[in-house]
J.: 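Okay, here's the structure, questions in a sec.
Values below: every heavy atom of this structure, side chains too, minus hydrogens, waters and symmetry copies. Both ligands and their constituent atoms are indexed starting at 1 by order of listing.
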Amino acid sequence: MQRHYQFAGFMGKRVHLGVTGSIAAYKALDLLRALIRADLQVSATLTPGAEEFVRGLAFEALGASPVYGPMFDARAESPFGHLEPGQLADAMVIAPASATTMARLAFGLGDDMLACQALAFPGPKIIAPAMNPKMWEAPATRRNWEMLGEMGYTRVGPDSGHVACGDTGSGRFAQVDEILLAVLKAISPQDMAGRKVVVTLGPTRESWDAVRFWSNPSSGTMGACLAVAAYLRGADVHAVAGPCGLTFPAGIRVTNVNSAREMYEAASEAWPDADIGCCSAAVADYRPVPFGDQKFKKTGTDGLTVQFETNPDILKSLGKVKKAGQMLLGFAAETANVEAEAARKLEAKNLDMIAANDVSSDGSGFGTATNRMLVLHRSGRKEHWPLLSKTEVAWRLWDHLLLD
Ligand code: PMT
């Protein structure tokens, strides 16, 4: 799973996982593990169809508790298992959902344990189908899918491609990452709802000749964590991403760019409509004066001198036109005098907050899963944070900015 999807800290929240009869049922075990990694408590119900593919014991062994059996099970601890998820869990996710279960849920039939639990579940429900493409295209399935949307289910997938029986088309189980994010969004505070957020992230590439460029080792992780955290908390997010090869949830608008000047164009266009700007990208301050569009050939002489010209400072230009009500968060990547440099950039770029990382310290900065931050707010607030995952840093940065 990609690092910028690995949010944790949902301690105290519970999710109920429903698994139905599909060859994709084994992938529900990956989903269970991802939910548990996010610190969630997970209970599960397997329909009799699901039990044909994968056993409840496997879910128990990986940490689901309880795992409910069939509706009229004399060995059940309580006769009210069909009501418990609705009383205890914060969200319910049915993944994979078969055509039959979709029909049960759409029409409100209560003829198995999972369908009764769904009927009695008042909280957010997420559904991710998996089936043969012809079954998926059947008018009855399409109607049931529409009905589930109208009933308020969050619908994830299905994906297109090859399916187990050899057919190709729509009906593949969605990526576990996508389903996980839909669950996390359902249980996250929506305290950024209604806010438009633009985030720059990743490196820039400044071409010199047909095959060479000037760049840096930013992986885009820090910025992607900020974009996904804001999305989970309800914001309308626009990511302006340098070349880092990361994927984002479908709900995030992504503009892919290469050079600093392309990033500047995209960020400047998005900024007037945004409520919050966040520049986490490692932008090249200088670009080589291009050699041309051919490959440079080695000369007989030793050494090579390349001229550079100055790139626009994106963050500074956003700061210059910042309007009342807009908030701007910048980063500082330093190897020395971290606090003094961060304070200088906070002022010079007209920021509300700056997050500084010492990129020469272990586990911090470029390409790591973790970061150690010094955070300065224009009000004078100052915080040193210990080494934390970048997802945790992102979550805390939004908390800190929104305190204002
Ligand atoms: O992507 P990762 O591998 O996860 O690494 C994360 C990170 C180290 C890239 C990130 O945490 C970080 O520090 N990002 C800022 C990198 C940087 O360019 O810092 P800076 O101190 O040179 O620039 C200060 C600020 O101005 C930054 O917000 C930067 O985005 C912005 N800037 C800089 C130059 C420029 N031409 N335009 C800008 O917008």
J.: Within the 4.0 Å heavy-atom shell around S218, which atoms of ligand 1 are there?
T.: 1 (O), 2 (P), 3 (O), 9 (C)

J.: If you take the nearest heavy atom of each of A348, A281, A332, which one is closest to atom 17 (C) of ligand 1?
T.: A281

J.: For the pair H400 and W385, name the ring-plane relationship: parallel under 30°, tilted 30 to 60°, perpendicular over 60°.
T.: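 Rings of H400 and W385: perpendicular, as their planes differ by over 60°.
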
J.: Return the residue, atom name and 0.1 Å-rounded distance of the protein heavy atom closest to atom 37 (N) of ligand 1.
T.: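 Protein heavy atom with the smallest distance to atom 37 (N) of ligand 1: I314 N, 3.1 Å.
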
J.: Among all the protein's non-hydrogen atoms, which is closest to atom 26 (O) of ligand 1, and how far away is it?
T.: K349 NZ, 3.0 Å

J.: Which of the atoms of ligand 1 are close to F366, meaning less than 4.0 Å from one of its heavy atoms?
T.: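 Per the distance check, 3 (O), 5 (O), 8 (C), 9 (C).
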
J.: Provide, to 0.1 Å, the distance between atom 22 (O) of ligand 1 and the closest protein heavy atom, together with that atom's residue and name.
T.: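 That would be K345 NZ, 4.2 Å.
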
J.: So is N311 touching ligand 1 or not, going by heavy atoms under 4.0 Å?
T.: no

J.: So is D285 touching ligand 1 or not, going by heavy atoms under 4.0 Å?
T.: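 Under 4.0 Å: yes for D285.
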
J.: Quick one: look up the protein heavy atom nearest atom 23 (O) of ligand 1 and list residue, atom name and how far away it is.
T.: F331 O, 3.9 Å

J.: Working to the nearest 0.5 Å, report the span between NZ of K185 and CG of L180.
T.: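 Taking NZ in K185 and CG in L180, the distance rounds to 13.5 Å.
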
J.: What class does the angle between the rings of F291 and W208 fall in, given that below 30° is parallel, 30 to 60° is tilted and above 60° is perpendicular?
T.: tilted

J.: Could you pull out, from D313, L328, T200, I354, the option with a heavy atom nearest to atom 32 (N) of ligand 1?
T.: D313

J.: Strictly under 4.0 Å, does any heavy atom of P312 approach an atom of ligand 1?
T.: yes

J.: Measuring from non-hydrogen atoms of K390 to any atom of ligand 1, is the shortest distance under 4.0 Å?
T.: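 Distance cut 4.0 Å: K390 passes for ligand 1.
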
J.: Does any N or O atom in L315 lie less than 3.5 angstrom from one in ligand 1, N or O only?
T.: yes

J.: Nearest to atom 14 (N) of ligand 1, what protein heavy atom do you find, and at what distance?
T.: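 It is S280 O, 2.9 Å.
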
J.: Within the structure, is a non-hydrogen atom of G365 found at a distance of less than 4.0 Å from ligand 1?
T.: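 A heavy atom of G365 does come that close to ligand 1.
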
J.: Considering only heavy atoms, which of T310, N357, L201 lies nearest to atom 11 (O) of ligand 1?
T.: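 Residue with the shortest heavy-atom distance to the ligand atom: N357.
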
J.: Verify whether the ring centers belonging to H82 and Y68 lie closer than 6.0 Å.
T.: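 H82 vs Y68: aromatic centres not under 6.0 Å.
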
J.: Provide the number and element of each atom of ligand 1 under 4.0 Å from a heavy atom of G220.
T.: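 Those qualifying, in numeric order: 1 (O), 2 (P), 3 (O).
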
J.: G367 heavy atoms, cut-off 4.0 Å: which ligand 1 atoms fall inside?
T.: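 Going through ligand 1 atom by atom, the ones under 4.0 Å from G367 are 2 (P), 3 (O).
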
J.: Looking only at heavy atoms of N371, does any of them come nearer than 4.0 Å to an atom of ligand 1?
T.: yes

J.: Checking R287 against N311: is there a side-chain donor and acceptor pair closer than 3.5 Å?
T.: yes

J.: May I ask you to identify the nearest protein heavy atom to atom 28 (O) of ligand 1, giving residue, atom name and distance to one decimal place in Å?
T.: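 Looking only at protein heavy atoms, the one closest to atom 28 (O) of ligand 1 is C279 O, 2.7 Å.
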
